[in-house]
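The block underneath contains the structure these notes are about, expressed in structure tokens.
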Protein chains: 2
Amino acid sequence: MRIGELGQATGVDIETIRHYEKIGLLSPPAREANGYRNYDAAHVERLAFIRHCRALDMPLAEVKRLLDFVAHPEADCGDINRLIEEQLGRVRERLSSMQALEKQLVALRARCGENHTARECGILHELVAASHEPEGRQR
Amino acid sequence: MRIGELGQATGVDIETIRHYEKIGLLSPPAREANGYRNYDAAHVERLAFIRHCRALDMPLAEVKRLLDFVAHPEADCGDINRLIEEQLGRVRERLSSMQALEKQLVALRARCGENHTARECGILHELVAASHEPEGRQR
DNA sequence: GAACACCCTGTAGCGGCTACAGGGTCAAGG
DNA sequence: CCTTGACCCTGTAGCCGCTACAGGGTGTTC
């Protein structure tokens, strides 16, 4: 199958498919006489796997590691557990910072209900005032 | 004050400060005879404001819009409200997708408790199997 | 023979930094 | 006087994961 069909089949943009090949995530397919890429069922599988991992927000480097496990099924799977654990840790960290963020934004929004001039806007005042506090050194 | 002091005072990396200047977010400061940047209190204020907005995860483009309001306090603040509302919307969207993600990862982790070979790893099996389902077309 | 849908390579851009390379400035110490 | 060291300068390239071209080729249909 050609790149367009593969894209259709997996819901992945063809530019993204070529990108995955370029960075060595998807193995280079056979070529037709005219140079067009020609994919087989294994590629569909592999690409779907990649997209599923991406849907879990894994960095491509981790996806690569997982693909290596798929390719070497005799390896110990302890690393797989660790990888998932790490990913979960990352997600939870972001989750809790997002929650804190939401709170702050809600509080901020409450500072200005009506339309005044910016000079009188509670939101702007709050933002300016808040930036005067040290607020725990940034990332 | 020189760039190093400004960085100290605000907790911002000096490379980041120069970066903000380059993209037009922080106004170019005066220069000493030797070419060194020389900042004043207004710069400290402005930079702290930027960092506070960034801590709320606002894109720099939005921060720029807010800074325009600070500079033109006679403007109507309706846009400020809208800006915060939009930001809140973005954060909430990401929040809910992160939550879904966490669930999936927890479920995935439960599929493999002990060390086997990768061939027998429930996590890997699950990932491969899951990628066979259509799973709602990707971004 | 022209329009169209598809494919190719290669490069540049996004955001928000971060990290150099390769230089200049200036005070303190030997 | 010279070196060391801390600081500063400009400019460019890299990170991630795409996305969007530019500028071409291929292959079927009217």
Side-chain angles (χ1 to χ4, degrees), chain A residues 1-26 28-39 43 46-47 49-67 86-87 90-91 94 97 101 137-139, chain B residues 1-26 28-39 43 46-47 49-67 86-87 90-91 94 97 101 137-139:
Chain A
M1 78 199 307
R2 311 236 265 227
I3 198 167
E5 294 170 82
L6 178 59
Q8 278 290 105
T10 54
V12 179
D13 189 298
I14 59 165
E15 306 270 25
T16 303
I17 298 172
R18 285 197 280 248
H19 174 69
Y20 286 167
E21 182 181 331
K22 194 157 52 188
I23 63 173
L25 200 59
L26 197 60
R31 296 286 183 143
E32 293 174 20
N34 54 19
Y36 290 10
R37 289 173 179 80
N38 201 313
Y39 296 94
H43 283 105
R46 221 173 136 92
L47 182 55
F49 181 87
I50 294 169
R51 290 315 285 196
H52 185 69
C53 293
R54 287 294 301 137
L56 292 171
D57 212 31
M58 287 183 204
L60 292 181
E62 308 257 292
V63 178
K64 218 169 205 163
R65 280 170 63 197
L66 278 177
L67 282 168
E86 279 164 33
Q87 178 62 11
R90 272 194 295 273
V91 167
R94 291 222 278 136
S97 77
L101 237 167
R137 298 290 75 131
Q138 346 253 333
R139 27 172 160 169
Chain B
M1 79 199 307
R2 311 238 264 228
I3 197 167
E5 294 170 82
L6 178 61
Q8 278 290 106
T10 54
V12 179
D13 190 297
I14 59 164
E15 305 271 24
T16 303
I17 297 173
R18 285 198 281 247
H19 174 69
Y20 286 166
E21 182 181 332
K22 195 158 51 187
I23 63 173
L25 201 59
L26 198 61
R31 297 285 183 143
E32 294 173 19
N34 53 19
Y36 291 10
R37 288 172 180 80
N38 202 312
Y39 296 94
H43 284 105
R46 220 173 136 92
L47 182 56
F49 181 88
I50 294 169
R51 290 314 287 196
H52 184 69
C53 292
R54 286 295 301 138
L56 292 172
D57 212 31
M58 287 184 206
L60 292 181
E62 308 258 293
V63 179
K64 220 171 205 162
R65 280 170 63 196
L66 278 176
L67 282 168
E86 278 164 34
Q87 179 61 11
R90 273 193 295 273
V91 166
R94 293 220 278 135
S97 77
L101 235 167
R137 296 290 72 131
Q138 348 251 334
R139 25 172 163 173

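So that the names make sense, note that chain A is the first sequence line, chain B the second, and so on, each numbered from 1. Computed from heavy atoms alone, side chains included, the values below leave out hydrogens, waters and symmetry copies.
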Between [N] ([atom2]) and [X] ([atom1]): distance, integer Å:
X	N	atom1	atom2	result
A/Q8	C/dA5	CD	P	14 Å
A/Y39	C/dC7	OH	C1'	11 Å
A/L6	C/dC8	CG	P	11 Å
A/E62	D/dC16	CD	C1'	13 Å
B/H19	D/dA13	NE2	P	17 Å
A/L56	D/dG17	CG	P	14 Å
A/I50	D/dG17	CD1	P	12 Å
A/L47	D/dC18	CG	C1'	14 Å

Nearest-nucleotide comparison on DNA chain D, the residue closer to the 5′ end among A/A61 and B/N38:
B/N38
Return no unless some side-chain N or O of [X] is found under 4.0 Å from OP1 or OP2 of [N].
X	N	answer
A/T16	D/dG17	no
B/Y20	C/dC17	yes
B/N34	D/dC9	no

Exercise: do B/Y20 and B/R51 side chains pair donor with acceptor under 3.5 Å
yes
Sub-4.5 Å side-chain heavy-atom contact between A/I50 and A/L67:
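In contact.
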So do the side chains of B/M58 and B/L66 get within less than 4.5 Å of each other, counting heavy atoms only?
yes
Between the protein and nucleotides 6-8 of chain D, list the N/O to N/O atom pairs that are separated by less than 3.5 angstrom.
residue: D/dC8; atom: OP1; partner: B/G4; partner atom: N; Å: 2.8

Please determine, for the side chain of A/R54, which listed nucleotide (C/dG16, D/dT19, D/dG17) has the closest atom?
D/dG17
Between D/dG17, C/dC20, C/dC26, which nucleotide gets closest to the side-chain atoms of B/E15?
C/dC20
Trace of the side-chain contact (heavy atoms from CB on, under 4.5 Å) decision for A/L60 with A/R54:
CA-CA 7 Å; A/L60 292 181; A/R54 287 294 301 137; 3.3 Å; yes
Output yes when A/E5 and A/R2 qualify as a salt bridge under the 4.0 Å nitrogen-oxygen rule, no when they do not.
no
Main-chain N/O of A/M1 paired with A/N38 side-chain donor or acceptor, under 3.5 Å:
yes
Given the rule in the side-chain contact (heavy atoms from CB on, under 4.5 Å) test, do B/R90 and B/E62 qualify, once you have shown the distances and angles that lead to the verdict?
CA-CA 13 Å; B/R90 273 193 295 273; B/E62 308 258 293; 2.9 Å; yes
